[in-house]
Number of protein chains: 2
Amino acid sequence: MSKDPRGNRHAHLNRDSIARAALAVVDRDGSEALSLRKVAAELGVGTMTLYHYVPSREALVADIVALLVVEMDLTISSGLSWRDGAKQVGRSLRAMALRHPRAFALVAAAASDKPPLLDFARRLRDFYVALGAPIEAFVEVWSVLDAFETGFLLLETQAVMRRSTAPHDELDQGTSELADRMPATLSEAAYEEGLEIIVGGLERRLL
Amino acid sequence: MSKDPRGNRHAHLNRDSIARAALAVVDRDGSEALSLRKVAAELGVGTMTLYHYVPSREALVADIVALLVVEMDLTISSGLSWRDGAKQVGRSLRAMALRHPRAFALVAAAASDKPPLLDFARRLRDFYVALGAPIEAFVEVWSVLDAFETGFLLLETQAVMRRSTAPHDELDQGTSELADRMPATLSEAAYEEGLEIIVGGLERRLL
DNA sequence: ACCTGAACACCGTTCAAGT
DNA sequence: ACCTGAACACCGTTCAAGT
């Protein structure tokens with residue numbers, strides 16, 4: 001290991017690069033296979049070196065969630081309505097989930113009152129306010145819409161992961177039929193349908 | 001340990017009693033604290049004894065989910081409409097989630113194409129069919145409604161668990177305000193509102 | 001100053017041995 | 001036949017020591 005001018009043995013190592021390596025591990029091996037030891041090995045450093053940048057495994061997971069959440073598109077194109085803005089966010093979340101199906105469970109399980117998701121919620125609130133949505137309604141709108149999106153994408157990413165592994169053999173007929181219809185249902189069309197129902201309902205009721 | 005007539009040293013031990021002990025551990029210590037070793041200690045048996053009844057930790061978690069899912073109320077009172085049936089199921093799921101806030105994450109993360117949840121999906125389909133809902137629409141209705149309910153209750157059970165621990169001190173003002181308004185929003189009223197929006201929207205669109 | 005191996009207290013699970 | 005301790009291959013994390 002060569003030393004950089006400041007004496008760091010690993011100049012490429014920092015909180016961000018560690019989070020990216022961790023996300024790569026999750027994308028490849030699944031979220032339950034994430035371990036500090038594996039991430040350290042991936043980066044070619046000793047396990048304990050990571051503790052100089054990240055205080056705990058929990059913090060590392062939060063960093064991964066932060067990395068995923070910045071991928072979301074909250075840009076405001078001119079003339080964007082509140083309805084279309086909400087749908088744009090929903091589609092952007094789905095695109096992120098499908099880019100990282102094995103990591104999405106971490107987003108769904110992340111605490112909504114702490115930095116990575118709470119910061120995102122703030123960005124989202126500013127987005128809605130900029131679109132002219134009444135701020136009082138924000139938390140209501142966000143919770144109902146976000147609940148649907150998280151729940152749906154949790155199901156859809158599960159289905160995506162299943163598709164790339166084994167089929168259902170051992171199950172009886174009636175049950176299998178139901179299971180086999182799920183992949184088709186957990187689709188872009190169903191998601192758009194859900195978005196339309198909820199965005200339409202919220203508008204009629206709150207705005 | 002005394003022996004029963006059949007020679008079993010632990011007559012009270014079976015897959016169901018193990019699942020109940022495991023659920024008790026999760027309700028008390030949280031889902032991430034679940035371990036076979038702890039459940040065995042709770043039951044006063046050696047860790048390896050559990051393997052004669054449950055094949056793996058994964059199966060034990062599935063058994064816990066099955067235990068939770070049978071708590072749901074799918075009884076059909078006479079004259080029940082499809083709309084009210086859907087709401088009854090939604091309220092029953094919420095009641096279950098609030099009875100087991102620390103265990104609900106296991107339900108949300110459970111595979112929807114395997115026995116515990118798939119069996120429940122079948123019961124649910126029969127319930128909707130009995131209420132006169134068109135069977136073709138079932139998977140669509142179920143996925144949109146279930147997505148909202150799972151997502152919402154994941155947020156609400158998180159908030160419930162937070163309430164029984166520390167408050168938010170270290171966060172800056174604007175962010176805290178947002179976080180502080182969440183508990184009030186993740187309430188029965190918001191859940192009912194979401195149910196009404198979605199059930200109404202689905203009826204208008206599919207039925 | 002910066003990094004890290006050894007060690008500790010946990011896991012799930014296999015296997016061979018206890019009664 | 002029924003049960004289980006010891007052991008293995010993993011964890012996250014502490015602490016004391018390496019350069």
Side-chain angles (χ1 to χ4, degrees), chain A residues 1-19 21-26 28-65 102-103 105-106 109-111, chain B residues 1-19 21-26 28-65 102-103 105-106 109-111:
Chain A
M1 300 284 141
S2 59
K3 307 171 72 152
D4 86 347
R6 295 206 335 287
N8 298 27
R9 298 242 227 334
H10 307 290
H12 63 291
L13 220 60
N14 54 57
R15 194 146 178 171
D16 185 67
S17 68
I18 291 172
L23 175 55
V25 168
V26 171
R28 173 161 41 81
D29 302 337
S31 59
E32 65 302 326
L34 175 67
S35 80
L36 292 174
R37 290 168 130 103
K38 201 183 282 190
V39 173
E42 197 94 354
L43 290 165
V45 301
T47 307
M48 296 322 301
T49 305
L50 299 187
Y51 279 87
H52 285 266
Y53 303 93
V54 184
S56 67
R57 185 209 147 93
E58 202 186 338
L60 180 60
V61 170
D63 287 350
I64 294 176
V65 172
R102 319 191 76 150
L106 298 178
Chain B
M1 299 285 140
S2 60
K3 307 171 74 151
D4 86 346
R6 297 204 336 288
N8 298 29
R9 296 241 230 333
H10 307 292
H12 63 290
L13 220 60
N14 55 56
R15 194 145 177 172
D16 185 68
S17 68
I18 291 171
L23 176 54
V25 168
V26 172
R28 174 162 40 82
D29 302 339
S31 60
E32 67 301 327
L34 176 67
S35 81
L36 292 175
R37 291 171 130 103
K38 202 184 280 192
V39 173
E42 197 95 353
L43 290 165
V45 301
T47 307
M48 296 322 301
T49 305
L50 298 186
Y51 278 87
H52 285 266
Y53 304 91
V54 184
S56 67
R57 185 209 148 92
E58 202 186 339
L60 179 59
V61 170
D63 288 350
I64 293 176
V65 172
R102 320 192 77 151
L106 298 178

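Naming convention: chains lettered A, B, ... in sequence-line order (proteins, then strands); numbering from 1 in each chain. What you see below is based on every heavy atom in this structure, not just the backbone, and it leaves out hydrogens, waters and symmetry mates.
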Between B:Leu34 and B:Ile64, is a side chain to side chain contact (heavy atoms under 4.5 Å, CB included) present by the stated rule, with each step listed? CA-CA 11 Å; B:Leu34 176 67; B:Ile64 293 176; 3.9 Å; yes

Just N and O in the side chain of A:Tyr51: are any of them under 4.0 Å from OP1 or OP2 of D:dG12? no

Which helical stems does DNA chain C take part in, if a stem means at least 3 consecutive Watson-Crick or G-U pairs with both distances below 3.5 Å? C:4-8 with D:12-16, C:12-16 with D:4-8

Length of the line joining B:His52:NE2 and C:dT19:P, which is rounded to integer Å: 16 Å

From C-beta outward on B:Ser35, which listed nucleotide comes closest to its side chain: C:dC11, C:dT13, D:dC3? C:dC11

In whole angstroms, how far is the P atom of C:dG12 from the CE atom of B:Met48? 11 Å

Tell me: CD of B:Glu32 to P of C:dC11, nearest whole Å? 12 Å

When you measure from the side chain of A:Arg57 to the backbone of A:Leu36, do you find a donor-acceptor pair of N or O atoms at a distance under 3.5 Å? no

Could you please name the option among C:dC3, D:dC3, C:dG12 that lies closest to any side-chain atom of B:Leu36? C:dG12

Between C1' of C:dA6 and CZ of A:Arg37, the distance in whole Å: 11 Å

Side chain of B:Arg57 only, please: which of D:dT13, D:dC11, C:dT13 is the nearest? C:dT13

Starting from P on C:dG12, measure out to CD on B:Glu58 and report it in whole angstrom. 13 Å

Is the backbone N or O of B:Asp63 less than 3.5 Å from a side-chain atom of B:Arg15, with the two atoms forming a donor-acceptor pair by type? no

Can you tell me how far P of C:dG12 sits from NZ of B:Lys38, to the nearest Å? 10 Å

